Number of protein chains: 2
Amino acid sequence: MKQPQLIQSPSPQPLYEQVRRLLVERLTAGDWGPGELLPSEAALAKVYGVSQGTVRKAVDAMAAERLVVRHQGRGTEVAKHTSERSLFQFWHLYSDNGDRQIPTSDTLKCERRKAPARDAKLLGIGAGEPVVRINRCRYVKNSPVLIEWITVPAERFPGIERYGHELPNTLYALYQTKYQVTIQSAVENLKAVASNARDERYLKLAPGTPLLEIQRIAFDLENRPVELRTSRCSTQHLHYRNVLD
Amino acid sequence: MKQPQLIQSPSPQPLYEQVRRLLVERLTAGDWGPGELLPSEAALAKVYGVSQGTVRKAVDAMAAERLVVRHQGRGTEVAKHTSERSLFQFWHLYSDNGDRQIPTSDTLKCERRKAPARDAKLLGIGAGEPVVRINRCRYVKNSPVLIEWITVPAERFPGIERYGHELPNTLYALYQTKYQVTIQSAVENLKAVASNARDERYLKLAPGTPLLEIQRIAFDLENRPVELRTSRCSTQHLHYRNVLD
DNA sequence: AAGTGGTCTAGACCACAGC
DNA sequence: CTGTGGTCTAGACCACTTT
């Protein structure tokens, strides 16, 4: 029988924070899968021996982090990596006319290899440990807009290289459903760079076109780095939008 | 005598939302200036005829928007545009070595003119209405890193063109202290572009260097657009960092 | 010591979803 | 109708800052 994991009132951490941590742990452990409903606030309050208001504050925090989605009258759902979420949280490229959509993908390469020192360091693994490297070209309305390289540790995604050209468009949904890895946050570094011959061939560009290069590190629920992604993008008809507030 | 502005319980808006709006209004009207303390939660609860918990939720929301800063034991302070805030909220360029600082500025031009149609539309004013246009070159450790053009409506910033070369480095603090305009949020659109002769002269670049162009629209407390800013930035030694979560 | 925000509780009532 | 989250209250106690 699972015990209510003693919680004490006079402690370094507020109660709602302790509850939040316990819930995130259980969520990470897979006690409730993406799309399922958490127990009701009243039930959780009883389990942890705190008031419903305290549970509420814990769940509010998780909702703010988009770990969970509240539905009045229905319950609180564990967040799923739908294409919606990918679009709103992880896709910042807009057409200049305002359109916005997840582009389609062509997988160019997908193979296992040893991690270069730099990638290994960023992923928090040992140099030379196996990673899978994916190269894709992505299209909006059948026009190529960017090429990207993705590196993930093979250990967290066993056999992912076998998907090859069958890799789905929204990788984060695959990570979540097939490998129980939920991408929770990311950091992107942007630079302007000149296109090289390879860019020009795939993106049909004139030599030396300025490109936007986006280097992303994506993190799981426990803030461990799980994916590196470099995208080189023509901004002739697109722009990267960022809201500061 | 100012009346507690009747608040009714069964209404389209939750009470805490009504309180929040009223507080933001008074804040916009200047009832409390940047750096001052709001009345205590208990006092506000009495004024508006609601419980302290409801005021708390309203103020929490304002704190989340960075309109206000809470200090346990001291009170709740109206947010100031310190260089700190400018740095954390509105400055996304990092040195590749990780450093980060507000660059110094040289004002190249600062003059009144009629708003071009495009700028007028973005600023929500009539075409041809007066604006002030500022051109600056900015430096990190005495190296030029970007040139920027800033356009503000003359009506909101009367006489700002007379600052000329005396314009301070952090304009948003000037807007707030001299013109009671608090920049609250902004939207940035980024593109990679090729440098032109002017860029190359000021930034000491080779012809056709790729630059990061950042177009920003900044909004005040009431979400009205009050500043347009275009920055062209060499990303040889800098990058634009964005955190997604 | 007095005043402030921060946490926590218990309980009431409302709005909505699903049976 | 029942169960869920959403709002609101009143009051207790704690932690911190200021006088």
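Remember, predicted model here, so these are calculated numbers, not experimental data. In what follows, every chain begins at residue 1, and chains take the letters A, B, ... in the order their sequences are listed.
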| task | May I ask you to check whether Asn189(B) and Tyr94(A) show a side-chain donor-acceptor distance below 3.5 Å? | result | no

| request: Indicate whether OP1 or OP2 belonging to dT7(D) is found under 4.0 Å from a side-chain N or O atom of Thr54(B). | output: no

| query | Among side-chain atoms of Tyr48(B) and Gln18(B), is any donor-acceptor pair under 3.5 angstrom? | reply | no

| query | Nearest to the side chain of Lys57(B), which nucleotide is it out of dG6(C), dT7(D), dT4(D)? | reply | dT7(D)

| note | Of the candidates dT9(D), dT9(C), dG6(D), the side chain of Val50(A) sits closest to dT9(C)

| Would you say a side-chain N or O of Tyr16(B) is under 4.0 Å from OP1 or OP2 of dC8(D)? | no

| query | Rounded to whole angstrom units, what separation is found between the CD atom of Gln13(B) and the C1' atom of dA15(C)? | reply | 15 Å

| query | Which residues, if any, of residues 64-77 of chain A bring a heavy atom under 4.0 Å of DNA chain C? | reply | Gln72(A), Gly73(A), Arg74(A)

| query | What distance do Phe219(A) atom CZ and Arg224(A) atom CZ have between them, rounded to the nearest 0.5 Å? | reply | 12.0 Å

| remark: Whole-Å distance, Asp60(A) CG to dC8(D) P, equals 14 Å

| task | Answer yes when Glu65(A) and Arg20(A) have at least one side-chain N-carboxylate O distance shorter than 4.0 Å, and no when they do not. | result | yes

| task | State which of dG5(C), dG6(D), dT9(C) makes the closest approach to the side chain of Ser51(A). | result | dT9(C)

| request: Mind calculating the distance between CZ (Arg56(A)) and P (dG6(C)) to the nearest angstrom? | output: 20 Å

| said: Does any part of the side chain of His92(A), heavy atoms only, come nearer than 4.5 Å to the side chain of Leu244(B), both counted from C-beta? | reply: yes

| request: Look at the side-chain N and O atoms of Ser40(B) and state whether any lies under 4.0 Å from the OP1 or OP2 oxygen of dG3(C). | output: no

| In whole Å, what is the span from the CD atom of Glu41(B) to the P atom of dC8(D)? | 16 Å

| request: Would you mind telling me which of Tyr179(A), Tyr175(A), Tyr172(A) makes a ring-ring contact (aromatic ring centres under 6.0 Å, His included) with His81(A)? | output: Tyr172(A)

